[in-house]
Amino acid sequence: QVQLVESGGGLVQAGGSLGLSCAASGSIFSINVMGWYRQAPGKTRELVAVISSGGSTNYADSVKGRFTISRDNAKNTVYLQMSSLKPEDTAVYYCNANLAHYSGKNYYRDYWGQGTQVTVSS
């Protein structure tokens, strides 16, 4: 089995910083893209940032210059460092990984974490 475990969510004041981490565990053969998505109440889930196995990144326009995504391939872990936080950033943040299990080495699929709440107060 494969699971993604997230940590780092919480309550912060506007203008503050917060770091999230997500570690993938299980019988993993290879991980392609990892990323972060978020969903606010009454809204659809949206992409925040993604990073490839080679380190290429892509960010939503709303977080460019404020958020930084990174990963440690040896630890199968992805990070999201958030700064200059705004109340509009309040949402449940979900970790995502596109990976192949040892039982199907050439078959990639998406796995999701359970989500962690980030609340930014004004």
Side-chain angles (χ1 to χ4, degrees):
Q1 71 278 31
V2 174
Q3 62 178 351
L4 305 182
V5 180
E6 302 161 325
S7 63
L11 174 65
V12 298
Q13 292 186 320
S17 300
L18 195 65
L20 306 180
S21 65
C22 172
S25 63
S27 300
I28 299 170
F29 172 69
S30 181
I31 303 179
N32 185 16
V33 176
M34 302 186 80
W36 293 92
Y37 294 72
R38 67 186 182 186
Q39 186 169 17
K43 306 281 285 187
T44 187
R45 187 174 299 185
E46 64 177 2
L47 182 147
V48 176
V50 293
I51 183 168
S52 72
S53 60
S56 298
T57 60
N58 189 36
Y59 296 90
D61 289 338
S62 60
V63 306
K64 286 181 179 177
R66 300 189 298 121
F67 292 9
T68 301
I69 188 170
S70 61
R71 65 189 284 172
D72 186 333
N73 291 330
K75 297 181 179 180
N76 290 334
T77 300
V78 63
Y79 307 92
L80 185 68
Q81 181 61 48
M82 304 180 289
S83 62
S84 301
L85 283 162
K86 306 174 181 179
E88 304 90 88
D89 295 318
T90 296
V92 177
Y93 284 69
Y94 296 91
C95 175
N96 169 267
N98 183 255
L99 59 82
H101 192 272
Y102 266 105
S103 63
K105 295 181 180 180
N106 203 36
Y107 176 67
Y108 285 79
R109 58 160 287 184
D110 285 333
Y111 290 83
W112 294 89
Q114 290 187 312
T116 183
Q117 178 70 47
V118 173
T119 302
V120 184
S121 64
S122 59

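Scanning both residues, L80 and A49, for their nearest heavy atoms gives CD1-CB, 4.4 Å. Here the shortest heavy-atom pairing between R38 and D89 reads NH1-OD1, 3.0 Å. Contact between K43 and Q39 at its shortest, heavy atoms only, is O-NE2, 3.0 Å. Here the closest heavy-atom approach between residue H101 and residue S27 is recorded as CD2-O, 3.2 Å. For the residue pair A14 and S122, the shortest heavy atom distance occurs at CB-CA, 4.5 Å. The two residues A91 and A40 make their nearest non-hydrogen contact at CB-N, 3.9 Å.
In this structure, N73 contributes its side chain and S53 its backbone to a donor-acceptor pair below 3.5 Å. Side chain of R71 to main chain of G35: no donor-acceptor pair is present (N/O by atom type, distance under 3.5 Å, no hydrogens or angles). Looking only at distances, no side-chain donor or acceptor of Q81 sits under 3.5 Å from a matching main-chain atom of T68.
Between S83 atom OG and L18 atom CG the span is 11.0 Å, to the nearest 0.5 Å. Atom CD of Q114 is separated from atom SG of C22 by 11.0 Å, given to the nearest 0.5 angstrom. Interatomic distance, CG of L85 versus CZ of R66, reported as 6.5 Å (0.5 Å rounding). Atom CG of residue L20 and atom OG1 of residue T116 lie 6.5 Å apart, to the nearest 0.5 angstrom. The distance from the OG atom of S56 to the CD1 atom of I51 is 8.0 Å, given to the nearest 0.5 Å.
Connection of Y111 to M34 is established within a shared hydrophobic cluster, with ILVMFWY side chains joined at heavy-atom distances below 4.5 Å, either directly or through further cluster members.
Other members of the cluster containing W112 are V33, Y37, L47, V50, V92, Y94, with ILVMFWY side chains joined at under 4.5 Å, either directly or via other members.
When side chains are defined from C-beta on, V118 counts as touching M82, because their heavy atoms get closer than 4.5 Å.
For the side-chain contact (heavy atoms from CB on, under 4.5 Å) with V12, the lone residue among V120, T119, T90 that qualifies is V120.
Each ring-ring contact (aromatic ring centres under 6.0 Å, His included) pair with one or both residues in residues 50-92, not counting sequence neighbours, would appear here, but there are none. Contacts classified as ring-ring contact (aromatic ring centres under 6.0 Å, His included) and involving residues 7-36 (residues at least two apart or in different chains) are given here: F29-Y102.
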Inset, instruction - Please test K64 against D61 for salt bridge (Lys or Arg N to Asp or Glu O under 4.0 Å), starting from the C-alpha separation and ending with a verdict. - result: CA-CA 5 Å; K64 286 181 179 177; D61 289 338; 3.1 Å; yes
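Heavy-atom contacts from other residues, nucleotides or ligands closer than 6.0 Å to CD of Q117 number more than 12.
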